[in-house]
Structures are given as C-alpha cells and as structure tokens.
Amino acid sequence: MSFPLLTVVAAVPAAGAIATAALPAAKRTAAKWLALLFSLVTFTLALVVAFRFDPGSKSPYQFTESHAWISDFGVRYELGVDGIAVALIALTTLLIPFIILAGWHDADPLEEATPNRRWRPTQGFFALILAVEAMVVISFEATDVFVFYIFFEAMLIPMYFLIGGFGDRAGGDGEDEAASRRSYAAVKFLLYNLAGGLIMLAAVIGLYAVTADQLGTGTFSLQQIVEARAAGRLNIGTGTERLLFLGFFFAFAVKAPLWPLHTWLPGAMGESTSPVAVLITAVVDKVGTFAMLRFCLQLFPEASSWATPVILVLALISVLYGALLAVAQRDIKRLIAYASISHFGFIILGIFAMTSQGQGGATLYMVNHGISTAALMLVAGFLISRRGSRLIADYGGVQKIAPILAGTFLVGGLATLSLPGLAPFISEFLVLVGTFSRYPVIGIIATLGIVLAALYVLVLYQRTMTGPVKSEVTGMPDLRVRELVVVAPLIALLLFLGVYPKPLTDLVNPAVDHTLSVVDKKDPKPTVQVDAVPGGGRHGHAVHAQDVEAAK
C-alpha cells in the first residue's frame, strides 16, 4: 500500500483544528501560533503533491486511494487528483496561512467587555478556519460522489459559525444590531446552501439507483461510472440524466454563486471579517465551480451540452449584473463581493464554452481570482480596521498618509480588473477567446464586464486614496510588518503568474483535455479569409485553415 498522501494533506488541518480548539482559554497566543504552524505544514504537503504530480501521465487521477467504507451501499473512500485539483489544493493551502495572519487579532477579546459585547473565543476562530480548510481539501480530492457530498455539505457548519459568531466590528452600529446583521447573513448563507445540498442529495440517490439497476451493483465512484458509460454498460436515459444534472448543478450554482442564486454572498462577505470573507470567496466558493468540471460534465455529458445555452446566458448575466452592482456600491466589502459575482460569471462562462481555451482559462481564473481577491480584500480589511468604517465616503487622501497601503490596494484592484501583466489577465483573455470561438455573440457582450470592472475599481481607488486628506484618516498608520508579510507574497504571485503562467497551464491543460474528451467536445475549427484558393475557392470566402493547406 502506497503512502496515503492525499489523506494526510486533509488530515493535518483537521488535527490542527482539534489541537487548537483544545487549548485552554488563556492560551490565545499559543492557539494562533499552533494554527499557523499546522497551516504551514499543510501547505508544505500540498507542495509535495504538486511537485510529485506528473502532468504527462495518461492516468486521469494520481495519488489514488480506494478503501471500502459502507460496502452495503457502494460507498468507497476514494481519493485522487488531476491537475485542476492540484492547482486548487495549492491555492487553498497557500491562502490559509495568510488568512490566519491577517485575522491575528480578529477574535481577540473586546476591551471593556459589557453584557452587550460578547467575548470572542480565539481558539474557536482559528480552529474553525482549519476545519474549513480540511473539508475543502478533501472535497477537491474526492472521486467518490458520496464522499464529496459529505464534505461539500459539512463545510457549511464551521462557515456558519465564522460568519455569525465572528463578524466585522466596523460599521458604527451597536453590538446588538451588528450581531443581528451577522446572524441574518449567516442564516441566509446556511439556508441557501442547505437547499442546494438537499436537492443534490436527491440527485446523488438517483444516480446510485441508476447504477444499481444497470450495473447490478450501485456505485458512487466517478471513475467507475465514467468508464461504464464509455464501455456502453451504463446508459442513463436522456430525461433521467437531465434531471440528475440539474440536481447537481443547482447545488454547485448556489455555492459558486451564479445569478440568481447569488444573493447570500454580499451579506455573508459584508458581515464577515475580511479574512473570513476571503475564505468564502477565494476558497469555499471554488468548490462549486470545480465540481461543475469534475462531476457535472463528466457524469452527465449529454445533459451538460443540453443545458449549456441557458447556463451561458445566466453566466453572462452574472458578469454584467455583478459588475453593475459593484459600480453602485457605497460599502467597500460589498463592492468586492459583487465584483466576485461578476468574476464567477466569467469562470462558469469558460467552463460551459466547452473549449480548451475556455476551460483552461476558467481553471486559471479560479486560482488567479483567489489570489487577487485575497490581496484586495485583505488590504481593504487593514484599511477598514484603521478607520472603523466600510463606507467609501468616509475615506479620502489615504495615499498621502499611508502610501504602501494605498499602493498594495491599487495593485490588488488592478489585478481585479485584469490589467495586462497581472495574473487574472491571461485567465480572462482565455475565457473570452474560448467563448468567442464557439459563441461569438456571448463572447462580445461579456467583454463589457472588463469595462465595468475598470470603472468600479478605479472609482473606488479615486474616492478612497486620492483627493484631500479627510480629518478622520489623518494619522492613519501604514502597513505593519505582519500585514506586509500577508500582502507582499500575494502581490509577488500576481506579478509572477501575470508574466509567466506556464507552470499553471502545464498543470491544468491535460486535465482540461480529459474533461473535454469525456464530454466528447472538440475545439471549433478555425477559419481564415483568403483571396483565392486553388481548386475552387473564391475571393473573400471563409475556409478552414487545413483546407487551405490541402489545396496548396
């Protein structure tokens, strides 16, 4: 038996969560350092997986583990990773240490505690973050549908407590009113995602029933189902497949989030601390878009093609709607939340364009959006903690007082609008090229999202960082050492992947090709304009490039 590396990667943060939560109440500083240590060990193990992963392997999944679990119901503990999963595990384990450092004081006890100002247990805060990390990692690793479903749903519990119990202290309202807002946001997050999960559960049971009927033994194994379909031993009826697809897709669209199932996100991010907001949009929400690639497309290829036109329209609405709402926001964190809705629209657009450029760009977008949003939101959090307000109108002239803070905020914002030379640019470019090659009208309209992104980012920077210095920000300190340690590596990654994305593209492209082969989709053949084609071509007639070569 080979070493269970994938299990260990998920088990380390789980063990860290238990160890951190078990520390005595007085050991707050020890809890922080212990959580940071476990997160760094997890990141190191994820790097081992990334460096040992062979993109050229013909096997669709590597480091596979398979053990009997609930044999009577066909449930097996099956793990495996492709290039897409490796990239997202690396992103998750990279961001968690920065989230912990950025939230170093977010759960400290409030000074002058009163009955209306509750004590915030430090140990619980960091233990919940590590618990979420463990569940997200194993969700990326699971190749058994039932195992995936368990952790896909289980991560809602720690996230609920992080949103509702450790909300943002900025806002200017009393503790009771702030607690009420946090509670509302947490409950809305939980209800939306539970509704999606329950519908998915019905689809999971339906999938098991279909496999039991046709294969003789029910199974939840992704690989077994895909192989049985390819061999002709499993033929899901068209109507049944479409219903099962909708059950899976609905849950993933809520998590992603896709318009019109997005309404829980602005409240959840706005009422969370900035590190928890990063955990939501840069880590947890990626499970939804990842699952569309791994489960929706591979389990239900015909239904995926059938639903593609509607999904593309919904994704396009997300792109434009999220960007327009971001332009109208007066709250910094809600602006970033609506910007993320727009970006997730681009990701889903790339996935369902069914082209190698589109899906490759969507996968890169997941990684690059995670880095850029983390950089922007964490710097915004540092800014908000200094002023004590999330309102854009309460700022002005910050770049004269805190130039490093303003500079990092600008870079994070420019990455968010996909400026060439920063990591998200190549992702967005590939998504638009991949979409245009098959659906040119949708690709053209989607480019309006880029224009709107430039508008809301630059207006945000202008109103907060430039102009006369407001009296409320006079004396605002610049970034401290701990904050620089959080932000500097993220900025460096945005620059590095912006000019040299090859390590990521080499990693994810084989997995994208495998997914397209399962769905039986090929890239559209390119066309060129020629003046004359020997053998019958006419001036200005569009022909395929290979036909030109054949004619020559």
Side-chain angles (χ1 to χ4, degrees), residues 43 46-47 50-51 53 55-56 83-84 86-95 97-98 278 281-283 286 289 336 339-340 342-344 346-347 349-350 355-379 403-437 443 446-447 449-451 453-454 457-458 461 479 484-513:
F43 177 56
L47 288 180
F51 284 115
F53 184 83
I84 298 171
V86 170
L88 292 175
I89 290 170
L91 170 70
T92 299
T93 57
L94 168 71
L95 291 181
F98 297 131
V278 172
T281 190
V283 176
K286 298 299 187 299
T289 48
I336 299 173
S340 289
S342 180
H343 296 148
F344 275 104
F346 275 113
I347 293 171
L349 200 66
T355 60
S356 59
Q357 299 98 330
Q359 290 190 359
T363 304
L364 292 181
Y365 215 139
M366 291 185 224
V367 176
N368 294 332
H369 169 263
I371 299 170
S372 62
T373 299
L376 181 60
M377 178 60 85
L378 292 178
V379 176
I404 299 177
L405 188 154
T408 53
F409 190 82
L410 178 62
V411 174
L414 293 176
T416 297
L417 64 81
S418 299
L419 183 77
L422 296 173
F425 167 74
I426 186 63
S427 313
E428 201 162 280
F429 177 77
L430 287 173
V431 165
L432 291 173
V433 168
T435 303
F436 181 83
S437 65
T447 57
I450 302 175
V451 179
V457 168
L458 296 178
Y461 184 82
L479 292 183
L484 282 171
V485 170
V486 171
V487 176
L490 297 175
I491 298 298
L493 269 176
L494 290 173
L495 293 169
F496 174 77
L497 294 176
V499 298
Y500 190 65
K502 188 175 184 297
L504 273 180
T505 57
D506 289 347
L507 184 64
V508 304
N509 283 344
V512 167
D513 293 339

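Hydrogens, waters and symmetry mates are skipped; everything else that's a heavy atom, side chains included, is used.
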Given Leu490 and Leu378, is the side-chain contact (heavy atoms from CB on, under 4.5 Å) satisfied, shown in steps? CA-CA 10 Å; Leu490 297 175; Leu378 292 178; 4.2 Å; yes
Gap separating the OG atom of Ser418 from the NE2 atom of His343, nearest 0.5 angstrom: 5.5 Å
Give me the atom names and distance for the closest heavy-atom approach of Gly83 to Ala511. N-CB, 3.9 Å
Students often mix this up, so state it plainly: with edges at 30° and 60°, are the rings of His369 and Phe344 parallel, tilted or perpendicular? perpendicular
Do the side chain of Thr281 and the main chain of Val278 share a donor and acceptor less than 3.5 angstrom apart? no
Closest non-hydrogen atom pair between Gln359 and Val512, with its separation: CB-CG1, 3.7 Å
Could you report the tightest heavy-atom contact between Leu497 and Ile371, atom names first, then the distance? CD1-CD1, 3.9 Å
Apply side-chain contact (heavy atoms from CB on, under 4.5 Å) to residues Leu94 and Leu493 and explain how you reach the verdict. CA-CA 11 Å; Leu94 168 71; Leu493 269 176; 3.3 Å; yes
Within the 4.5 Å heavy-atom criterion, are Leu88 and Thr363 side-chain neighbours or not? no
Are Tyr461 and Val457 close enough that some pair of their side-chain heavy atoms sits under 4.5 Å apart? no
Give me the atom names and distance for the closest heavy-atom approach of Val508 to Ala87. CG1-CB, 4.1 Å
Ignoring hydrogens and geometry, is there a side-chain-to-backbone donor-acceptor pair from Thr435 to Leu432 under 3.5 Å? no
Quick one: pull up CD1 in Ile84 and CG in Leu504 and give me the separation to the nearest 0.5 Å. 11.5 Å
Minimum-distance pair of heavy atoms, taken over all atoms of Gly449 and Phe346: CA-CZ, 4.3 Å
Does any non-hydrogen side-chain atom of Leu494 lie less than 4.5 Å from one of Ser372? yes
Kindly indicate whether the side chain of Ile450, heavy atoms from C-beta on, has any atom under 4.5 Å from the side chain of Leu417. no
Can you find a pair of side-chain heavy atoms, one from Thr505 and one from Leu364, that are under 4.5 Å apart? yes
Evaluate the side-chain proximity of Thr416 to Pro424: yes if any heavy-atom separation is below 4.5 Å, no if none is. no
Indicate whether any N or O donor in one side chain lies under 3.5 Å from an N or O acceptor in the other, for Thr355 and Ser437. no
Closest non-hydrogen atoms of Phe53 and Val86, given as atom of the first, atom of the second and distance, are CD1-CG2, 3.7 Å
Stepwise side-chain contact (heavy atoms from CB on, under 4.5 Å) test for Val431 and Ile347: CA-CA 7 Å; Val431 165; Ile347 293 171; over 6 Å; no
Using the ring of each side chain (for Trp, its six-membered ring), is Phe496 parallel, tilted or perpendicular to Tyr500, with breaks at 30° and 60°? perpendicular
Stepwise, does the side-chain contact (heavy atoms from CB on, under 4.5 Å) test hold for Asn509 with Ser356? CA-CA 8 Å; Asn509 283 344; Ser356 59; over 6 Å; no
Any Glu428 side-chain heavy atom under 4.5 Å of Asn368 side chain: no
Say you draw a straight line from CG of Leu414 to CG of Leu422; how long is it, rounded to the nearest 0.5 Å? 6.5 Å
Check each of Ile426, Asp506, Leu430 against Pro501 using the side-chain contact (heavy atoms from CB on, under 4.5 Å) test, and report the only one that passes. Ile426
Could you tell me if the side chain of Leu495 sits less than 4.5 Å from the side chain of Val499, heavy atoms only? no
